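Accompanying notes for the structure given below.
Computed from a prediction, not measured in an experiment: that's the story for all the values here. Computed over heavy atoms, backbone and side chain alike; hydrogens, waters and symmetry mates excluded. We name chains A, B, ... by the order of the sequence lines, and we start the count at 1 in each one.
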Amino acid sequence: MNLETTIGALVAKAVETLYGLETKIADIQLQKTKREFEGELTVVIFPFVKAARKSPEQTGREIGEFLQQNNPVISAFNVIKGFLNLSISQKYWLETLNEIHTNSNFGKTPVTDNSELMMIEYSSPNTNKPLHLGHIRNNLLGYSIAEIQKANGWKVVKTNIVNDRGIHICKSMLAWKLFGNGETPQSTGMKGDHLVGKYYVIFDQAYKSEIKELTEKGISEEEAKKSAPLIVAAQQMLFAWENNDPEVRQLWEMMNGWVYAGFDVTYKQLGVDFDKIYYESETYLEGKEKVEEGLENKVLYRREDGSVWADLTADGLDEKLLLRADGTSVYMTQDIGTAKLRYEHYPIKKMVYVVGNEQNYHFQVLSILLDKLGFEWGKSLVHFSYGMVELPEGKMKSREGTVVDADDLMEEMINTARETSQELGKLDNCTPDEIESIAQLVGLGSLKYFMLKVDPRKSMTFNPKESIDFNGNTGPFIQYTHARIKSVLRKAIDQGIEFKSLTSTDLVISEKESYLIQLLTEFPAVVKQAGDEFSPALIANYIYDLVKEFNQFYHDFTILKEENVNIKQFRLVLAESTAAIIKSGMALLGIDVPERM
RNA sequence: GGUCUGGUAGCUCAGCUGGAUAGAGCAACGCCCUUCUAAGGCGUGGGUCAAGAGUUCGAAUCUCUUCCGGAUCACCA
């Protein structure tokens with residue numbers, strides 16, 4: 001039982017004993033005391049004033065006295081206006097610190113054989129172009145959410161649905177066939193995904209000039225877009241693909257192979273991974289089957305032209321197409337097929353889709369459709385809907401070349417980290433390998449923290465220049481604090497100081513120190529809330545607060561030169577516990593922390 | 001137009017399940033390294049919490065209206 005529940009229960013008892021008012025513990029308002037007042041926990045008294053028939057101050061004093069008499073953990077109290085501020089005994093904090101320090105799994109719920117399974121889909125790239133800034137937010141969020149849910153006791157399967165078929169990849173294939181001169185990643189030295197992306201751009205340019213030619217001949221733009229030879233050829237290629245044309249299939253496999261090799265490099269560098277990858281080329285037929293079933297059950301209907309639709313007007317939505325008149329499937333159909341396979345493969349309790357908020361409508365429809373088609377879990381799917389990433393100039397547009405490429409961005413961050421380390425002379429005693437690995441860790445830490453510290457639901461602005469800042473509320477600031485603590489701990493070990501646990505809890509410690517312990521105790525609640533709300537930002541903000549507080553302590557107090565051995569030992573335990581939580585919390589964000597930097 | 005979503009310091013963001021004088025970082029200015037890593041610490045200035053009304057002992061937070069942004073409403077994914 002933690003402190004809040006204990007005290008909450010006692011407040012309820014106090015109110016009932018003193019005023020005969022029955023209150024649920026959950027209704028008692030307990031909050032952290034504001035820094036400018038004395039105490040650590042505050043009870044809001046206003047709700048009891050009516051029953052007490054006394055002034056808020058008087059009521060607060062009576063409840064405070066009751067609490068103090070009934071629980072020795074409360075060392076003092078004061079009442080200001082309607083707020084009862086409780087001071088918690090130092091002994092309590094010190095004993096709590098000891099518990100935290102010896103618990104290597106602090107803040108996490110262990111995953112057991114009985115844990116239920118959550119499947120988290122993220123990344124979900126198309127195979128016609130490399131990953132960009134928007135994908136980075138998706139990948140970082142997906143990975144972090146998975147780590148956070150594991151820490152909350154879920155078995156997690158990370159999955160990726162690769163959109164490897166469709167007109168988009170045919171465009172790249174066609175352009176390569178027409179203009180590629182047999183170029184390969186090997187012959188050009190380009191990453192495969194970038195090479196394929198290059199031909200996607202070439203297709204778009206050639207297609208545009210065809211449209212221009214046609215419109216100059218007096219054909220309407222709409223008509224030109226449909227009849228341009230290139231788009232017709234791409235559609236023919238898609239048709240050939242669907243009919244298993246060996247030549248097209250071979251080209252498709254080759255070029256997708258290049259892309260996957262490229263993606264693997266990007267994923268590895270980003271530090272994300274998947275337990276199971278699905279490909280739409282393998283799932284879209286399953287969707288068709290399910291749609292046929294829906295037709296038989298009259299959940300869906302067929303129009304005269306042969307297309308298949310779902311009527312969702314009863315749910316307040318529109319009618320939705322599931323199969324085109326020519327029998328080919330759309331996005332929704334594929335998602336149904338993918339969902340079917342996944343639930344056949346895994347005992348999924350909860351399905352989470354990490355997909356941008358531009359697809360809110362799609363997932364609303366998918367949820368209803370899955371439900372109608374007889375998937376019992378359809379209604380409970382979670383669309384983890386995150387906001388778009390914008391640049392200071394506005395939205396990224398591939399056609400205007402304002403897309404921030406994922407590989408380029410990571411490289412830039414790492415380069416900056418390396419240069420900064422050199423300028424500051426921080427790593428003069430390290431080997432080249434160490435310098436490189438720290439540069440990677442710091443550069444990526446900076447990028448990841450920058451993207452994860454903001455509320456995922458909100459759209460965010462990414463300023464490439466500002467994000468490279470390594471001071472203030474940034475990943476490197478947190479990493480630096482960790483490195484400084486580790487440095488002190490190494491020195492303590494060199495001096496032969498023992499700090500496995502506190503040998504005495506009868507110490508007089510400062511307010512700053514007890515506040516730091518209080519912050520440490522909040523970690524489990526933060527992890528839980530981050531899991532409930534699917535918000536890595538809560539973890540990020542918590543770690544930042546902790547680190548800021550620790551840095552003040554580090555500045556104001558000496559650790560190794562403290563003369564009182566018990567206090568010295570206490571501070572080492574406090575520092576080590578802080579470092580452990582920084583490391584553990586940052587790991588939930590997918591960010592590694594260095595031993596030195 | 002319908003639906004969803006956002007508007008907090010010059011900029012980027014916390015705070016939003018109602019509680020005390022609304023917080024950080026960046027940017028600006030000033031101070032602190034013979035002391036455990038200055039990627040640090042301290043200080044100064046900076047706000048009609050988009051606007052109005054309502055509910056309440058109490059509203060940045062809840063409700064309604066208005067204004068301004070964004071997303072979506074495809075036989076694209």
Original post:
So, Lys568(A) and Glu563(A), do they make that salt bridge, N to O below 4.0 Å?
Top reply: no
Subject >> Ion pair check, Arg35(A) and Glu549(A), cut-off under 4.0 Å >> reply: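 A salt bridge is present here (some side-chain N lies under 4.0 Å from a carboxylate O).
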Polar atom pairs (N or O), protein with nucleotides 16-19 of chain B, under 3.5 Å:
residue: C16(B); atom: N4; partner: Lys458(A); partner atom: NZ; Å: 3.4
residue: G19(B); atom: N7; partner: Gln29(A); partner atom: OE1; Å: 2.9

[atom1] atoms of [N] and [M], separation to the nearest Å:
| N | M | atom1 | value |
| --- | --- | --- | --- |
| A71(B) | A77(B) | C1' | 16 Å |
| U8(B) | G23(B) | C1' | 10 Å |
| C49(B) | G7(B) | C1' | 10 Å |
| U17(B) | C62(B) | C1' | 10 Å |
| G45(B) | A59(B) | P | 27 Å |
| G40(B) | C36(B) | C1' | 13 Å |

Kindly point out which of [options] is positioned nearest to the side chain of [X]?
| X | options | value |
| --- | --- | --- |
| Tyr554(A) | U35(B), A77(B), U37(B) | U37(B) |
| Ile559(A) | G40(B), A77(B), C36(B) | C36(B) |
| Asn551(A) | C75(B), G40(B), A20(B) | G40(B) |
| Asn473(A) | A20(B), G25(B), A77(B) | G25(B) |
| Glu358(A) | U35(B), G41(B), U72(B) | U72(B) |
| Tyr361(A) | C75(B), C73(B), U21(B) | C73(B) |
| His555(A) | G40(B), C4(B), C36(B) | G40(B) |
| Asn541(A) | A14(B), A20(B), U35(B) | A14(B) |

At 4.0 Å (heavy atoms only), tell me whether [X] reaches a base, stays on the sugar-phosphate, or touches nothing.
| X | result |
| --- | --- |
| Met597(A) | base |
| Asn429(A) | nothing |
| Thr558(A) | base |
| Arg457(A) | nothing |
| Gln479(A) | nothing |
| Asp305(A) | base |
| Thr42(A) | base |
| Ser421(A) | base |
| Lys395(A) | sugar-phosphate |

Subject >> Partners passing ring pair (Phe, Tyr, Trp, His ring centres under 6.0 Å) against Phe203(A) (at least two apart in sequence or in another chain) >> reply: Tyr207(A)
Original post:
CD of Glu221(A): more than 12 outside heavy atoms within 6.0 angstrom?
Top reply: no
Taking 4.0 Å as the cut-off, does a side-chain nitrogen or oxygen of [X] come that near to OP1 or OP2 on [N]?
| X | N | value |
| --- | --- | --- |
| Lys512(A) | G41(B) | no |
| Arg324(A) | C76(B) | yes |
| Arg484(A) | A38(B) | yes |
| Gln552(A) | C42(B) | yes |

Original post:
Quick check: does any side chain N or O of Asn126(A) sit under 3.5 Å from a backbone N or O of Asn128(A), one acting as donor and the other as acceptor?
Top reply: no
Original post:
Only one of Phe534(A), Phe384(A), Phe363(A) forms a ring-ring contact (aromatic ring centres under 6.0 Å, His included) with Tyr353(A), so which one is it?
Top reply: Phe363(A)
Original post:
So, do Tyr544(A) and A24(B) meet the stacking rule of ring centres under 5.5 Å and planes under 30°?
Top reply: no
**OP:** Would you kindly compare Ile80(A) and Ala483(A) by the position of their nearest RNA chain B nucleotide and give the one closer to the 5′ end?
**Re:**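 Going by which nucleotide is closer to the 5' end, it is Ile80(A).
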Subject >> Pairwise 5' ranking along RNA chain B for Leu538(A) and Gly166(A), keeping only the more 5' one >> reply: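 Nearest-nucleotide comparison on RNA chain B picks Leu538(A).
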**OP:** Go ahead and name the base partner of G19(B); Watson-Crick or wobble counts if both distances stay under 3.5 Å, otherwise write none.
**Re:** C57(B)
